[in-house]
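Keep in mind the model is a prediction, meaning the values are calculated, not measured. Per chain, numbering begins at 1; letters A, B, ... match sequence-line order.
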Number of protein chains: 2
Amino acid sequence: MHTKEKILASSIELFAVNGYAGTSMAKIADKVGIKKPSLYAHYKNKEALFIDVTKKMVDEYVEFVRKSLDVQALNIKTVLYESFKTHVHDLARNDASIQFYNRFMQYPPKGLESELTASMEQSEEKARMLLEIVVAKGQTSKEITTELNAKSIARTYFCLIEGLANETTIYTLEEVEHHAESVWNVFWRGIRINLE
Amino acid sequence: MHTKEKILASSIELFAVNGYAGTSMAKIADKVGIKKPSLYAHYKNKEALFIDVTKKMVDEYVEFVRKSLDVQALNIKTVLYESFKTHVHDLARNDASIQFYNRFMQYPPKGLESELTASMEQSEEKARMLLEIVVAKGQTSKEITTELNAKSIARTYFCLIEGLANETTIYTLEEVEHHAESVWNVFWRGIRINLE
DNA sequence: GTCTATACGGCGATAGAC
DNA sequence: GTCTATCGCCGTATAGAC
């Protein structure tokens, strides 16, 4: 692993856990195993490093959503349920990249808002589109109601995921996964065809 | 308004917007209209000030939820809908106290976690209980399904609120309120009695 | 590219006069 | 309680040798 890759990997974890202000260049250097000034051979300053990390994370998040939806299953309900569980599980397990994404989408560092929100908004859109396709399939196969549009359903799905993400700080992995089951039941009742 | 009240009011806004590390004692003093050392006549240090603010915010949040549910309406659906809208509206309007609550429940300052999560967890519980009572009424009056328990429904409600809260950074007030409508529709379909 | 040494600013916090 | 002055620390960032 080259130094630059190590810098990226270390930064992701530290930023995700300690936030932007809470992560010093010294701590990053420590984790990488080099001295602080050596970082500046790779990045002009802390902001440039953070922006580079963010770009990587944004792409990774969309890819994560894509993979989580790539489930072999007999019906759309199972696909959505498995994706939902994977999502929550990785969040609750404190997966650094997902935590990073959630944290800085909500609270971008002061001064970097304009540089970040554009790409964040784009990736939100992409992730939601991937889900919309699955939802639309479910509507075609008569598993999901057509009284609601696919976009609304996809939005709700992500709201629930993010709401559960918020809980990971004060609740344990088991508790969050248990809450996720409750939430899923309400969600599925909300979108399924009533006759079922 | 006495100095101490001014300190509290100023701190809430600054912490909510700029976070703990991002809010210096100097900035708080500036906003209050005094000099930095004068703050130390009222609080031993920054942590003590923050903890005092948090205590106030935790109580205020429960009170906010209580009030939002105190709606004169013919049916439970309307009560829940109005409460939901009030909640989202105040979030999207960047109401400092709700933002403060959401921010630091999810990302407590390093070193203060143990001191905060206990009271946070308690207030979460209280707020959810208030909602559970309303949901239970809806179940009795046969508006809400009894296939789901009131706790699950209340949890889902707050997940949706928090999920929508996350959006306030990158979307405008109008967009968030529009999303809230979509989300509400899925939620209501999920908890209503099917025959309706 | 990595190091040691260092500059410089902002931070939390204190001393002591009024 | 509020002020001016100041301390000590740690943050980002740079200079310059190897």
Side-chain angles (χ1 to χ4, degrees), chain A residues 1-57 100 103-104 107-116, chain B residues 1-57 100 103-104 107-116:
Chain A
M1 212 190 211
H2 290 74
T3 306
K4 193 147 185 171
E5 291 173 308
K6 265 192 190 170
I7 293 172
L8 281 172
S10 304
S11 306
I12 291 163
E13 278 188 52
L14 290 169
F15 282 135
V17 175
N18 305 315
Y20 183 75
T23 303
S24 68
M25 295 297 263
K27 279 181 196 159
I28 296 172
D30 261 14
K31 188 149 191 158
V32 174
I34 57 175
K35 297 297 171 184
K36 191 171 55 165
S38 306
L39 289 173
Y40 291 86
H42 301 272
Y43 289 98
K44 205 188 86 195
N45 54 31
K46 191 181 174 182
E47 288 194 0
L49 167 56
F50 184 81
I51 288 168
D52 203 31
V53 172
T54 306
K55 276 188 187 136
K56 207 187 160 196
M57 287 304 95
F100 183 99
R103 177 164 200 151
F104 295 111
Y107 303 111
K110 283 287 126 188
L112 298 179
E113 296 92 342
S114 53
E115 234 159 325
L116 297 183
Chain B
M1 212 191 213
H2 290 75
T3 306
K4 192 145 186 172
E5 291 172 308
K6 265 193 188 168
I7 293 173
L8 280 172
S10 304
S11 304
I12 291 163
E13 277 187 53
L14 290 170
F15 282 135
V17 175
N18 304 315
Y20 183 75
T23 303
S24 68
M25 294 299 264
K27 280 182 196 159
I28 296 172
D30 261 14
K31 188 149 194 160
V32 174
I34 57 176
K35 296 298 172 185
K36 188 171 60 164
S38 305
L39 290 172
Y40 290 86
H42 300 272
Y43 290 99
K44 203 189 86 196
N45 54 32
K46 191 182 175 183
E47 288 194 0
L49 167 56
F50 183 81
I51 288 168
D52 202 32
V53 172
T54 306
K55 277 189 188 136
K56 206 185 159 197
M57 286 303 96
F100 183 99
R103 177 162 200 154
F104 295 111
Y107 303 111
K110 285 285 126 188
L112 299 179
E113 296 92 342
S114 53
E115 236 160 323
L116 297 183

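Distance NZ (A/Lys46) to C1' (D/dC10): 12 Å, rounded to an integer number of Å. Taking atom CE on A/Met25 and atom P on D/dA13, their separation rounds to 6 Å, with Å as the unit. Here the P atom of nucleotide C/dG1 and the CE atom of A/Met1 are 16 Å apart, to the nearest Å. Taking atom CG of residue B/Leu14 and atom P of nucleotide C/dG12, one finds them 12 Å apart after rounding to whole Å. Summarising the geometry, the separation between OH on A/Tyr43 and P on D/dA13 is reported as 14 Å, rounded to the nearest angstrom. When the C1' atom of D/dG1 is taken as reference, atom CD1 of B/Ile7 falls 10 Å away, rounded to whole Å. Computed from coordinates, the B/Leu39 CG to C/dC11 C1' distance equals 13 Å when rounded to whole Å.
Shown here is B/Lys6, whose NZ atom has no more than 12 heavy atoms of other residues, nucleotides or ligands within 6.0 Å.
The side chain of B/Ala41 has D/dG1 as its nearest neighbour among D/dG1, C/dG12, D/dA13. Looking at the side chain of B/Tyr40, the nearest of the listed nucleotides C/dA13, D/dT14, C/dT2 is C/dA13. For B/Pro37, counting side-chain heavy atoms from C-beta on, the closest listed nucleotide (D/dT4, C/dG1, C/dT4) is D/dT4. Of the listed nucleotides (C/dC3, C/dG12, D/dA13), C/dC3 has the atom at the smallest distance from the side chain of A/Lys35.
Screening A/Ile12, A/Leu112, A/Leu116 for a side-chain contact (heavy atoms from CB on, under 4.5 Å) with A/Thr54, the sole residue that qualifies is A/Leu116.
Residue contacts shown for B/Ser24 are limited to sugar-phosphate atoms, with no base heavy atom under 4.0 Å away.
Listed by first then second residue, pairs satisfying salt bridge (Lys or Arg N to Asp or Glu O under 4.0 Å) with a partner in residues 12-27 of chain B read B/Glu13-B/Lys31, not counting sequence neighbours.
One donor-acceptor pair, N or O on each side, does fall under 3.5 Å between the base of C/dG12 and the side chain of B/Lys36.
When each of A/Lys44 and A/Lys27 is assigned the nucleotide of DNA chain D with its nearest heavy atom, A/Lys27 is the one assigned upstream, toward the 5' end.
In this structure, B/Phe50 and B/Phe100 have tilted ring planes: the angle between them lies in the 30° to 60° band.
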